[in-house]
Amino acid sequence: MSTTQSERLRGLLEPLVAARDLDLEEIEVTPAGKRRVLRIVVDSDEGVQLDECAELSREASQVLDDSDAMGGAPYTLEVTSPGADRPLTELRHYRRAVGRLIKAQLHEGGGLVARIIAVDDAGLDVEVPGVKGRKPTARRLSFDEIAKARVELEFNRKADKSDKRDEKIDENKEEA
């Protein structure tokens, strides 16, 4: 996709996305046989619901049909949220991942798997899990130290104290 087409698409679509309190994460046009696929990736702090994607898709389709940003060739429009394995590249991505386990590749070499505890403009506070019965350790990472990072999917995360507290609060609400 040319820079000019990318800029035109972003200019058309960003106001639609922002009006829904969403972030426009990515616009991608890829060939798919005789057609092209225009993929619009959106996200928010609360996540993105399927209904929001469908409504945004209808609005975007109308705006694109009324413009010549996609040219005359046929295309398929997809509006989606980022996958769980997307790279963490923006401050907002790290903020949305607080409490989650990440795998980071460091500029100085080596990797790190840790849970994000807090995020600020300069970096993140993480907890590195203990190995072989050792206690977890706290560590501070500046964004400059991180070459790349992704959320690690956890299928069997043990509930921590805050999770148990949340469960107890939910039980009390049900009893009331």
Side-chain angles (χ1 to χ4, degrees), residues 1-126 140-153:
M1 173 169 60
S2 71
T3 303
T4 305
Q5 182 184 32
S6 175
E7 289 169 358
R8 288 190 67 205
L9 288 170
R10 187 166 284 280
L12 284 170
L13 299 170
E14 209 153 32
L16 296 176
V17 173
R20 297 188 167 281
D21 292 326
L22 300 172
D23 296 315
L24 180 58
E25 295 289 345
E26 184 179 346
I27 299 172
E28 179 182 57
V29 178
T30 54
K34 295 180 182 181
R35 306 179 72 86
R36 296 169 293 160
V37 175
L38 169 58
R39 183 171 295 112
I40 302 168
V41 181
V42 296
D43 201 6
S44 80
D45 290 344
E46 293 78 36
V48 181
Q49 300 299 315
L50 186 59
D51 289 343
E52 288 177 301
C53 286
E55 291 169 14
L56 182 58
S57 179
R58 284 189 288 276
E59 288 178 15
S61 180
Q62 185 63 51
V63 167
L64 291 166
D65 288 349
D66 293 344
S67 77
D68 64 344
M70 287 300 291
Y75 67 93
T76 301
L77 175 62
E78 292 180 5
V79 177
T80 187
S81 61
D85 64 343
R86 76 123 179 258
L88 303 174
T89 58
E90 302 284 336
L91 176 61
R92 68 178 177 265
H93 299 163
Y94 287 96
R95 283 193 173 129
R96 290 173 186 158
V98 168
R100 312 258 331 252
L101 199 63
I102 64 164
K103 185 174 187 175
Q105 199 62 37
L106 305 178
H107 284 295
E108 66 186 31
L112 175 72
V113 175
R115 187 165 313 281
I116 299 177
I117 303 303
V119 178
D120 59 37
D121 292 340
L124 32 141
D125 296 321
V126 297
R140 175 75 180 170
L141 287 175
S142 73
F143 290 119
D144 293 342
E145 293 178 75
I146 303 170
K148 59 184 179 179
R150 292 183 186 274
V151 169
E152 277 288 287
L153 297 179

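Computed over heavy atoms, backbone and side chain alike; hydrogens, waters and symmetry mates excluded. Given the structure is predicted, the values throughout are model-derived calculations rather than measurements. We count residues from 1, following the sequence as given.
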Rounded to the nearest 0.5 Å, what's the gap from CD1 on I146 to CG on L88? Could you check? 8.5 Å
Any side-chain heavy atom of S57 within less than 4.5 Å of one from L77? yes
Spacing of R96 atom CZ and L91 atom CG [to the nearest 0.5 Å]: 10.0 Å
As a test of understanding, state which of D120, D45, D121 forms a salt bridge (Lys or Arg N to Asp or Glu O under 4.0 Å) with R95. D121
A side-chain contact here means heavy atoms from C-beta on lying under 4.5 Å apart; do D23 and V17 qualify? no
Sub-4.5 Å side-chain heavy-atom contact between L64 and L9: yes
Which donor-acceptor pairs under 3.5 Å do the side chains of residues 49-56 make with protein atoms, sequence neighbours left out?
unit_1	atom_1	unit_2	atom_2	d
E52	OE1	Q49	N	2.9
E55	OE1	R20	NH1	3.1
E55	OE1	R20	NH2	3.4

Can you tell if the side chain of L13 reaches within under 4.5 Å of the side chain of E59, non-hydrogen atoms only? no
What is the distance from atom CD of Q62 to atom CG of L16, rounded to the nearest 0.5 Å? 10.5 Å
Distance, nearest 0.5 Å, that separates CZ of R10 from CG of L24: 4.5 Å
Identify the heavy atoms of T30 and E28 that sit nearest to each other, and give their distance. CG2-CG, 3.7 Å
Worked verdict on R92 versus E25 for salt bridge (Lys or Arg N to Asp or Glu O under 4.0 Å): CA-CA 11 Å; R92 68 178 177 265; E25 295 289 345; 3.0 Å; yes
Kindly give the heavy-atom pair with the smallest separation between S81 and V48, and that separation in Å. CB-CB, 4.0 Å
Please report the shortest heavy-atom distance between E145 and R140, naming the atom on each side. OE2-O, 3.9 Å
Name all residues meeting the ring pair (Phe, Tyr, Trp, His ring centres under 6.0 Å) criterion together with F143; count only those two or more places apart in sequence or in a different chain, and write none if there are none. Y94
Work out which heavy atom in G11 is nearest to a heavy atom in P15; give both atom names and the distance. O-CD, 3.2 Å
I'd like to know if the side chain of R36 and the backbone of M70 have a donor-acceptor N/O pair within less than 3.5 Å. yes
Residues I117 and V98: closest non-hydrogen pair is O-CG1, 3.5 Å
Please find the pair of heavy atoms, one from A32 and one from V37, that lie closest to each other, and give the distance. CB-CG2, 3.8 Å
Rounding to 0.5 Å, atoms NZ (K148) and CD1 (I102) come to a distance of 13.5 Å
At what distance, to the nearest 0.5 angstrom, does CG of L153 lie from CZ of R100? 7.0 Å
Taking side chain to side chain donor-acceptor pair (under 3.5 Å) as the definition, give me every residue that meets it alongside D68, ordered by chain and number, with sequence neighbours left out. R8
For the side chain of R35 and the backbone of Y75, is there at least one donor-acceptor N/O pair under 3.5 Å apart? yes
